[in-house]
Peer 1: 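My questions all concern the structure below.
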Number of protein chains: 2
Amino acid sequence: MYDHTDKERLLLAVDCIIFGFDGEKLKILLIKRGFEPERGKWSLVGGFLHKSEVLHDAATRILNRYTGLDDIYMEQVGTFSDIDRDPEERTVSTAYYALINIKNHSQKLNRQFSAQWFSVEEAPPLIFDHDKMVRHALKRLRTKAETEPIGFELLPEKFTMRQLQNLYEAIWNVSLDKRNFISKVRSLDILEKLDEKDKTSSRKGSFLYRFDAEKYKTVERNRSSLNL
Amino acid sequence: MYDHTDKERLLLAVDCIIFGFDGEKLKILLIKRGFEPERGKWSLVGGFLHKSEVLHDAATRILNRYTGLDDIYMEQVGTFSDIDRDPEERTVSTAYYALINIKNHSQKLNRQFSAQWFSVEEAPPLIFDHDKMVRHALKRLRTKAETEPIGFELLPEKFTMRQLQNLYEAIWNVSLDKRNFISKVRSLDILEKLDEKDKTSSRKGSFLYRFDAEKYKTVERNRSSLNL
DNA sequence: CAAGATAAGTGTAAAGTATACACCAAAACA
DNA sequence: TGTTTTGGTGTATACTTTACACTTATCTTG
């Protein structure tokens, strides 16, 4: 029997850990709060769940508001319910992490919200339980990246092998061997090699690749792990 | 800026997917509701989050209520927010899965709540979005079991290799080779072999083992995967 | 225009891990 | 005593992961 004594109506917030990649480091987007409580401190972007809105849609709305982007890759991390996590009123918050291509996102909105990218290790302390949310999100991202090709969400459509390797090195905070990395990626058979070269990082130029979602679908059932 | 328009105070429920193992199949504990809404239908056990209670404690309270057990292994699965998931009032629910030793749990309580164990494949349709919760929980259990020694939570303290193998076969719905399974488990070096034998399943009797949490801690950092 | 600098691109051998596979041992029971 | 049942064990092969170093292309600079 559901126990109806002492049950409480409360606010449900949604907070988003927005990950980006600048070619070197894994970053998160934080805002300097221009509003109470905790004005002037750094926090994740967030908002409240509306009536007639599911959590997934609320997260989408919040992400759009702060980045200007649609169709963002997103995954629910968990729900955080410490009693005094919000000093104003009992509020429980569901965290989502999102992966975006850092280049696609609006400078204008960054100014508007005093938003700024921080590398994951060098981020300032955050309000409430947001640090805990980031830790959980990072853990989930790392696990997910082991079995699903989600890294591409963080890269431009066309990218070099070096960029891809840098990305996974940043996600897992490891260093990988270039030859092993490339041969492993090749064996997955989920990339299309383009004729174009990227000339920005070397005189010789390096070939660009594109993630091929169709190829991925066809090899998916054989695949056990990305294991890069 | 947090957007305060249209935000809503709502009920937060907790629903628990209680897994057990009877030696053959992976089971879940369901109750036949003796109360509205959906009286007479099968559902997960659940309840509402109280004031001054965090989700983890609510799940613990609910699990204790329905099983009589303390110290239950538990993990948050996710939060489900479909608008009309509960027809009475806007209610969002956080699901937890729990692993218990099916033997330890009270027949009396089962009668009291019309609770019954069902094998995961043969469970009846559940109310609300509980089927979805079960699917998610099962997925999480399967993933978690690949890297963490959580299977032992489902077994008695002392168990045979055969029981352990049956368990993992049930969790992943696969069949495993006995010799490979045993040598893999041995190589993990996290079990203590006892001198006792279990005589119930054969004339010869088979040795009992016990999970050794201390050993596990010491080998933990070298371990990449259970990969049974 | 030659030499140097920089990043791209490539293959192989060894170690480790996973898989496939079959027979003997012990004990109860007929 | 032999038949039945379940427990217990090892090895060879395939596959995967890891470690490791030199050449190529192109631009820059002297």
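In this text, all values refer to a predicted model and were calculated from it rather than measured experimentally. Order of the sequence lines fixes the chain letters, A, B, ..., with proteins taken first and strands second; residue numbering starts at 1 for each chain.
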Peer 1: Could you tell me whether B:Lys193 sits above the aromatic face of B:Tyr209, with NZ or CZ closer than 6.0 angstrom to the six-membered ring centre and within 45 degrees of the axis?
Peer 2: no
Peer 1: D:dG2 C1' sits how many Å from B:Arg203 CZ, rounded?
Peer 2: 13 Å
Peer 1: Measuring to OP1 and OP2 of D:dT17, would you say a side-chain N or O of A:Lys184 lies under 4.0 angstrom away?
Peer 2: yes
Peer 1: Measure the distance from NZ on A:Lys204 to C1' on C:dG9 and round it to the nearest whole Å.
Peer 2: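 One finds 5 Å between C1' of C:dG9 and NZ of A:Lys204, rounded.
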Peer 1: If you find the nucleotide of DNA chain C closest to B:Ser183 and the one closest to A:Arg162, which residue's nucleotide is nearer the 5' end?
Peer 2: A:Arg162
Peer 1: When the distance from CZ of B:Phe207 to C1' of C:dA25 is rounded to whole Å, what number comes out?
Peer 2: 12 Å
Peer 1: Please report the distance, rounded to the nearest Å, between CG in B:Asp198 and P in C:dA27.
Peer 2: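 Rounded to whole Å, this separation is 15 Å.
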Peer 1: Nearest whole angstrom, please: distance from the P of C:dA8 to the CD of A:Glu196.
Peer 2: 17 Å
Peer 1: Measure across B:Leu191 and B:Phe159 and return the closest heavy-atom pair with its distance rounded to 0.1 Å.
Peer 2: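 Heavy-atom minimum between the residues: CD2-CZ, 3.9 Å.
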Peer 1: Please report, rounded to the nearest Å, how far the P atom of C:dA8 is from the CD1 atom of A:Ile182.
Peer 2: 9 Å
Peer 1: Just compare C:dT19, C:dA7, C:dA22 and give me whichever is closest to any side-chain atom of B:Lys178.
Peer 2: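 My answer, after comparing the listed nucleotides, is C:dA22.
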Peer 1: Start at the 5' end of DNA chain D and walk down; is the nucleotide closest to B:Gly205 or to A:Lys197 reached first?
Peer 2: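 Of the two residues, B:Gly205 wins.
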Peer 1: Within the structure shown, what part of the strands sits under 4.0 Å from B:Ser201 by heavy-atom distance: base, sugar-phosphate, or nothing?
Peer 2: sugar-phosphate
Peer 1: Validate the cation-pi geometry between B:Arg33 and B:Phe128: distance from NZ or CZ to the six-membered ring centre under 6.0 Å, angle to the ring axis within 45°.
Peer 2: yes
Peer 1: B:Tyr209 OH to D:dG7 P: how many Å, rounded?
Peer 2: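 Distance, rounded to whole Å: 12 Å.
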Peer 1: What integer distance in Å separates A:Met161:CE from C:dT10:P?
Peer 2: 9 Å
Peer 1: Name the residue closer to the 5' end of DNA chain D, choosing between B:Ser206 and B:Arg179 according to the nucleotide with the nearest heavy atom.
Peer 2: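 Result of the comparison: B:Ser206.
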Peer 1: Could you tell me whether B:Asp82 and B:Lys132 make a salt bridge, using a distance below 4.0 angstrom between a side-chain N and a carboxylate O?
Peer 2: yes
